[in-house]
There are 2 protein chains.
Amino acid sequence: MATRARRPERREEPLSRERIVEAAIAILDTAGESGLTFRALAERLATGPGAIYWHVSGKDELLGAATEAVVSRVMPVGTADTTPQDAIRTLALGVFDAIDAHPWIGTQRGRTPGHSPMLRVFEHLGRQVQALGVPHADQFSAVSALQHYILGVGGQNAANAREHRPDMDRTEFLSTTAAVWADLDPEEYAFTRTVAAELRDHDDRTEFLAGIDLIVAGITARFGG
Amino acid sequence: MATRARRPERREEPLSRERIVEAAIAILDTAGESGLTFRALAERLATGPGAIYWHVSGKDELLGAATEAVVSRVMPVGTADTTPQDAIRTLALGVFDAIDAHPWIGTQRGRTPGHSPMLRVFEHLGRQVQALGVPHADQFSAVSALQHYILGVGGQNAANAREHRPDMDRTEFLSTTAAVWADLDPEEYAFTRTVAAELRDHDDRTEFLAGIDLIVAGITARFGG
DNA sequence: ACCTGAACACCGTTCAAGT
DNA sequence: ACCTGAACACCGTTCAAGT
């Protein structure tokens, strides 16, 4: 009767890399990249900042692990029997949506030589480029182009999300941007002004996919497929 | 004789936004993004940190202004009489080299709605896409694809530069990466392993241009040109 | 109008001390 | 082996006080 604690009270699970990464993701999603501090993380895990360093080497590793965890979840498990073109679209859209849901991913690039969290994306794109029938010598270029485009869009969306006032939705943001563009110097920004109107009824996902299709078209035009 | 200071001693020029931005660029180039602090900047300008805030609203604006200053310099002044394809290559390569010389640019995305430092790149790409004969309705997509690709590569190069030990040159970096890739799990990273060898004799600029050509090929294939 | 520099409210990271 | 939390060496930014 005395040897057992009276109220079991669900003792806190011990700290683990996994729990730390999950907590970091939760903070990043709610408070953004600037909200993730070791103090905030420690508080959420009901411990001190120092404890985290036993499981994780520092903030860079933490951000990398969080990115890898989220990206892994959207990677396809089996190869669906669709065309490579469709598979690339699905894959790219998965990454796009992941960055949309977790904008902080967009700023994360590989830092460790070789093995970045985004290497999984590279791998899966590569398989589809192979399936397209691109010659071996051109596969790297083709995959790189797709990957850089996807991460380029992601980086931009992340930047947009960061400066978003929470009270400003996407439509309002586009509308503001369109107004700014229409007001630019007619000499210096002649082209930009001509496309300002388009901006207002823009769908980000549609536009993103148009770019993917463009690159896939370039791949098949140049390398066959 | 007494009204004039005896040693003219080249009195420090007064602080100005321009001088501050130049000093910031110099620090960014030598010490990297983490080296740019208001204290370091103040010391270089022989003043206190607070003085800088009279001319610049904060660190974000400072980074934006520095990016804009560097990007402006590589923008073409007149329209050379080449093909649009060549003009796009030249333009893209200019941005690529600028990011290579100033890696901190690679992480800078537009944050102010509408007018980012990279809008000049967008504008000049747009003019060439017009010259390619792309229909108006497709111009935005075409320019976006090029821009996102260019900034995607830039972001990656910036990340690589950041984690570079200064003693590790590009060849060594590629070689290390190739070794890591060749050692990956054969199931999980089947494709990546097959292109690991290519990595060793990679030229970044050539590879970058191959991607540009791919997208331009896609643009002309889909939208004519 | 512009500059100074101390002060404020934070950071990431370390480390002696605990269990 | 793992956790605690005070302490260190920084940050960006503000602001009373000077010229």
Side-chain angles (χ1 to χ4, degrees), chain A residues 3-5 9-28 30-67 104 107-108 111-112 159 162-163 165, chain B residues 3-5 9-28 30-67 104 107-108 111-112 159 162-163 165:
Chain A
T3 53
R4 286 224 161 269
E9 232 203 24
R10 212 176 59 60
R11 186 76 200 84
E12 299 297 336
E13 302 157 56
L15 226 44
S16 68
R17 213 184 119 92
E18 203 178 282
R19 273 190 70 219
I20 291 170
V21 170
E22 284 313 310
I25 292 172
I27 292 176
L28 285 163
T30 54
E33 205 163 342
S34 67
L36 179 65
T37 66
F38 276 76
R39 283 167 181 80
L41 193 54
E43 195 188 11
R44 177 179 265 263
L45 293 164
T47 180
I52 297 164
Y53 283 88
W54 186 263
H55 301 273
V56 148
S57 76
K59 200 170 185 183
D60 274 1
E61 190 193 312
L62 187 57
L63 275 166
T67 304
W104 45 275
T107 58
Q108 287 295 307
R111 282 185 214 164
T112 43
R162 194 157 23 137
E163 59 98 11
R165 311 296 166 279
Chain B
T3 53
R4 286 224 162 268
E9 233 206 22
R10 211 175 62 61
R11 187 75 201 86
E12 299 297 337
E13 304 157 54
L15 226 45
S16 68
R17 212 185 121 92
E18 205 178 279
R19 273 190 71 217
I20 291 170
V21 171
E22 285 312 311
I25 291 172
I27 292 176
L28 286 162
T30 54
E33 204 161 343
S34 67
L36 179 66
T37 66
F38 277 76
R39 282 165 181 81
L41 193 54
E43 195 188 11
R44 176 179 265 263
L45 293 165
T47 181
I52 298 164
Y53 283 89
W54 187 262
H55 301 273
V56 148
S57 76
K59 198 169 187 183
D60 273 2
E61 190 194 313
L62 187 56
L63 276 165
T67 304
W104 46 273
T107 58
Q108 286 297 305
R111 284 188 210 160
T112 43
R162 193 157 24 137
E163 60 99 9
R165 312 298 166 276

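Letters A, B, ... are given to chains in the order of the sequence lines, protein chains preceding strands, and every chain is numbered from 1.
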Open item on the list: What is the separation between atom CZ on A:Phe38 and atom P on D:dC10, rounded to the nearest whole Å?
Closed with: 18 Å

Open item on the list: What is the separation between atom OH on A:Tyr53 and atom P on C:dA17, rounded to the nearest whole Å?
Closed with: 21 Å

- [ ] Nearest-nucleotide wise, let me know which of A:Ser34 and A:Gly50 is further upstream toward the 5' end of DNA chain C.
- [x] A:Ser34

Open item on the list: Once you apply a heavy-atom cut-off of 4.0 Å, does B:Leu36 come out as touching a base, just sugar-phosphate, or nothing?
Closed with: sugar-phosphate

- [ ] For D:dA17, give its Watson-Crick or G-U wobble partner with both distances under 3.5 Å, or none.
- [x] none

- [ ] Please report, rounded to the nearest Å, how far the P atom of C:dG12 is from the CD atom of A:Glu43.
- [x] 14 Å

Task: Counter-base of C:dG12, judged by Watson-Crick or G-U geometry with both distances under 3.5 Å - done: D:dC8

- [ ] Just name whichever nucleotide pairs with C:dC3, Watson-Crick or G-U, keeping both distances under 3.5 Å, else none.
- [x] none

- [ ] Round to a whole Å and report the spacing from CG of B:Leu15 to P of C:dA1.
- [x] 17 Å

Open item on the list: Rounded to whole Å, how long is the line connecting atom CD1 of B:Ile20 with atom C1' of C:dC3?
Closed with: 11 Å

Task: Separation of atom NE2 in A:His55 from atom C1' in C:dG12, rounded to whole Å - done: 18 Å

Task: Euclidean distance, atom CD of residue A:Glu61 to atom P of C:dG12 [Å, nearest integer] - done: 15 Å

Open item on the list: On a heavy-atom basis, which atom in A:Arg39 and which in A:Pro49 lie closest, and how many Å separate them?
Closed with: CG-CG, 4.4 Å

Task: Separation of C:dG5 P from B:Leu45 CG (nearest whole Å) - done: 14 Å

